[in-house]
Amino acid sequence: EPEVTQTPSHQVTQMGQEVILRCVPISNHLYFYWYRQILGQKVEFLVSFYNNEISEKSEIFDDQFSVERPDGSNFTLKIRSTKLEDSAMYFCASSGLGSGNTIYFGEGSWLTVV
Amino acid sequence: EDQVTQSPEALRLQEGESSSLNCSYTVSGLRGLFWYRQDPGKGPEFLFTLYSAGEEKEKERLKATLTKKESFLHITAPKPEDSATYLCAVQVYGGSQGNLIFGKGTKLSVKP
């Protein structure tokens with residue numbers, strides 16, 4: 001069964017450092033997303049991406065965040081200068097033709113900022 | 001403001017003891033309601049999508065129903081492997097299709 005894959009599974013970084021989280025969405029999907037989940041809290045929407053541009057972003061997705069689809073398979077989330085409060089599980093997700101509105105999530109990248 | 005509330009926060013059942021989880025929502029316009037299962041440290045695993053009041057979907061021991069104000073996830077004769085957090089999320093008109101608003105989830109524990 002096709003799946004969304006994410007790397008790394010866990011990353012520890014110093015406050016102020018840049019972090020790039022990587023995702024390979026399901027191959028025939030056209031819509032890509034990032035969500036985050038702070039420990040013990042709700043899953044929260046960050047950004048949606050379609051046709052090589054951001055289609056919607058939440059208030060959380062401020063100037064320190066950026067997304068990119070550098071090639072035909074990868075989708076990345078960059079956090080420019082990490083803060084302690086960025087510590088969370090980050091989920092990549094995708095949807096597209098053949099899946100209707102169904103949004104499929106990856107296993108997540110756990111980011112710890114120290 | 002669009003909102004999703006799940007209850008109870010936690011539910012402990014004996015194996016075979018059927019029950020229901022509730023997801024109530026207040027949204028400007030419902031485009032779809034999703035149920036996901038989440039195991040500890042893992043990503044949400046898709047279960048069902050419901051689009052209109054009266055719709056029902058089933059998968060093994062799970063059945064999801066939808067009204068104009070809430071959705072129920074019925075679990076019939078649960079097994080220990082059904083233990084997980086069940087998440088409800090809504091998709092509203094006016095937002096991108098990927099902007100899901102999640103509830104806090106119901107943590108289900110099924111004891112043998």
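Below, all heavy atoms of this structure are taken into account, side chains as well, without hydrogens, waters or symmetry copies.
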message: For A:Leu84, I'd like to know if atom CG has over 12 heavy atoms of other residues, nucleotides or ligands within 6.0 Å.
response: yes
message: Is there a path of hydrophobic side-chain contacts, each under 4.5 Å between heavy atoms, that joins B:Leu73 and B:Ile101?
response: yes
message: For a quick test of reading the model, state the closest non-hydrogen atom pair linking A:Phe91 to B:Gln38 and the distance between them.
response: CZ-NE2, 3.5 Å
query: Non-hydrogen atoms of chain B under 4.5 Å away: do they reach the side chain of A:Glu44, the backbone, both or neither?
result: neither
query: Is there any residue in residues 64-72 of chain B with a non-hydrogen atom under 4.5 Å from a non-hydrogen atom of chain A, and which ones are they?
result: none
query: Which heavy-atom pair separates B:Phe34 from A:Ile103 by the least distance, and what is that distance?
result: CE2-N, 4.3 Å
task: Check whether B:Val27 and B:Trp35 end up in the same hydrophobic cluster, where Ile, Leu, Val, Met, Phe, Trp and Tyr are linked by side-chain heavy atoms less than 4.5 Å apart.
output: yes
- prompt: Do you know which of A:Phe49, A:Trp110, A:Tyr35, A:Tyr50 has the most heavy-atom pairs under 4.5 Å to chain B?
  reply: A:Tyr35
query: Is the count of non-hydrogen atoms from other residues, nucleotides or ligands lying under 6.0 Å from B:Arg12 atom CZ greater than 12?
result: no
Part of B:Tyr36 lying under 4.5 Å from any heavy atom of chain A: side chain
query: Hey, which residues of residues 10-21 of chain A are touching chain B, say heavy atoms under 4.5 Å apart?
result: none
field: Crowding at NZ, A:Lys42 (>12 non-hydrogen neighbours, <6.0 Å)
entry: yes
field: Residues, nucleotides or ligands: over 12 heavy atoms within 6.0 Å of A:Asp71 CG
entry: yes
query: Can you hop from A:Leu46 to A:Met89 via hydrophobic side chains spaced under 4.5 Å?
result: no
query: In terms of heavy-atom pairs under 4.5 Å, which option from B:Thr85, B:Val4, B:Asn99, B:Asp39 contacts chain A the most?
result: B:Asn99
message: For B:Glu81, I'd like to know if atom CD has over 12 heavy atoms of other residues, nucleotides or ligands within 6.0 Å.
response: yes
query: Are A:Val4 and A:Trp34 connected, step by step, through hydrophobic side chains (Ile, Leu, Val, Met, Phe, Trp, Tyr) whose heavy atoms are closer than 4.5 Å?
result: no
- prompt: For A:Tyr33 and B:Leu100, what are the C-alpha separation, side-chain angles and deciding distance, and is it a side-chain contact (heavy atoms from CB on, under 4.5 Å)?
  reply: CA-CA 10 Å; A:Tyr33 319 100; B:Leu100 297 182; over 6 Å; no
task: Say whether A:Phe61 and A:Val43 are linked into one hydrophobic cluster, either directly or through other cluster members, by side-chain heavy-atom distances under 4.5 angstrom.
output: no
